[in-house]
*Asks:* 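Input: one structure, supplied below.
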Amino acid sequence: MTAVSMMVNGQHVSAEIDPRTLLVQFLREHLRLTGTHVGCDTSQCGCCVVHVNGDAIKSCTTLALTCDGAEVTTIEGLAKGDVLHPMQAAFRENHGLQCGFCTPGMIMTAVELVNRKGTNLDEHTIREELEGNLCRCTGYHNIVKAIGAGAQAMASAAE
Amino acid sequence: MYEFAYHRPGSVSEAAALAGDHADGKLLAGGQTLLPTMKQRLAGPSDLIDLSRIDDLRGIEVKDGVVTIKALTRHVTVATSAEVKAAIPALAELAGMIGDPAVRNKGTIGGSVANNDPAADYPSACLALGATITTNKRAIKADDFFKGLFETALEEGEIITSISFPAPEKANYQKFRNPASRYALVGVFVAKTGGHVRVAVTGAGSKGVFRAKEFEAALEANFAPAALDGKSVPASGLNSDIHADAEYRAHLITVMAKRAVAAVA
């Protein structure tokens, strides 16, 4: 067992873990933050995307120990109390989900995309950037719409 | 995943010492290939030597027409680097085509080159640009580095520290991707410097990345897509799988090479 500590959603956490523990296992099984999902477990579907030091990464393909000392944000860390993050609200308003399994990863990818490329995103850019996130229900159309709207809402929220 | 002992050295020399002590260990860079391989139990290193805290291994420098990228530099950093875009735009474009955004946020150039996956993108840039791979022990020319499927000239305990790419006059990379894995079914990197042209092909060769020397000669005589009319790489040395058979890959190599030349001719 090896000691690990990190900031998760603003809270300091530490634990003794098996070195094999993936970040997603650490989040779900040790911290009980089950909003981050495991879809394919082969870094293709993006259901497990979280932010590590601001970068969107696949937590099924990252060791928890590599994140020692890092700042991690999961889907649970986006809302402020009962107030949804603008991207979460945009997914609800635009019906950007059906079963919802891929949604946490979609939203974490979308928020990082806005942080990286700004709030004026055209449809082509959004579709290209969603390359690493799979949805098996919606056909992406409403997800793309939701991200465009969420990006605009993030711009208004920042003003 | 099989059990392993975890190490997190703070310097290249410490990492090299650990690698020397643990012959069945493996170096962990971004982990975007190694961790999936370990999860499938296709690899079971006794020790994992995590290089992520060696800050000396990060950074990009452009000096005297040579772009030097340190080994732990991530794909996203190369893809968005103003210096790389100015000196070798094709290299930045290539980095931006690897995997997906989350993979590019973790994966590193050193990890990709050391792994030498036959469908990885960077080996083609190394070979076509005549890069030099620098390790903690020596400098290795790209022509001598890639030895076959997942095989390189790296010895036990040898760690890539940086890769240097001389800026060409013209270069372009064209990739025909497998839409599911995002690896290259065929990727062709063409680089021209003075009268010299180098063409490197990834994704297709049964022994990994290779130079298409017949294409190079034709393009040295006439740097235009038409110079490759009727030319093709023999299908006999190419991969056949459920995604593309060897004849189709041979066809794609000519098409991608022509597109690369057309993009910059």
*Asks:* Any chance NE2 of A:His12 has more than 12 other-residue heavy atoms, nucleotides or ligands included, within less than 6.0 Å?
*Replies:* yes
*Asks:* Taking all non-hydrogen atoms of both residues into account, name the closest pair between B:Tyr6 and A:Pro19 and its distance.
*Replies:* CB-CB, 3.9 Å
*Asks:* Please flag which part of B:Leu28 lies under 4.5 Å from any non-hydrogen atom of chain A: side chain, backbone, both or neither.
*Replies:*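 The answer is the side chain of B:Leu28.
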*Asks:* Sort by residue number and list every residue of residues 60-88 of chain A having at least one heavy atom under 4.5 Å from chain B.
*Replies:* A:Cys60, A:Thr61, A:Thr62, A:Leu63, A:Leu65, A:Thr66, A:Cys67, A:Asp68
*Asks:* Is there any residue in residues 89-111 of chain B with a non-hydrogen atom under 4.5 Å from a non-hydrogen atom of chain A, and which ones are they?
*Replies:*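 Near chain A, by residue number: B:Gly99, B:Asp100, B:Pro101, B:Ala102, B:Arg104, B:Asn105, B:Lys106.
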*Asks:* Restricting to non-hydrogen atoms, name the atom on B:Phe4 and the atom on A:Arg20 that form the minimum distance, rounded to 0.1 Å.
*Replies:* CE2-CG, 3.5 Å
*Asks:* Within a 6.0 Å radius of atom NZ on B:Lys39, are there more than 12 heavy atoms belonging to other residues, nucleotides or ligands?
*Replies:*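 Result for NZ/B:Lys39: enclosed.
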*Asks:* Would you indicate whether A:Glu16, at its atom CD, is surrounded by more than 12 heavy atoms from other residues, nucleotides or ligands within a distance under 6.0 Å?
*Replies:* yes
*Asks:* In terms of heavy-atom proximity below 4.5 Å to chain A, should B:Glu3 be classed as side chain, backbone, both, or neither?
*Replies:*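 Backbone plus side chain of B:Glu3, per the 4.5 Å heavy-atom cut-off to chain A.
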*Asks:* Near A:Arg127 CZ, under 6.0 Å, is it more than 12 heavy atoms from other residues, nucleotides or ligands?
*Replies:*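 Correct, the count exceeds 12.
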*Asks:* Let me see the working for A:Asp55 and B:Arg74 under side chain to side chain contact (heavy atoms under 4.5 Å, CB included), right down to the final yes or no.
*Replies:* CA-CA 12 Å; A:Asp55 292 320; B:Arg74 298 174 303 153; 2.8 Å; yes
*Asks:* I'd like to know which of A:Leu22, A:Val49, A:Thr2 tops the heavy-atom pair count under 4.5 Å against chain B.
*Replies:* A:Leu22
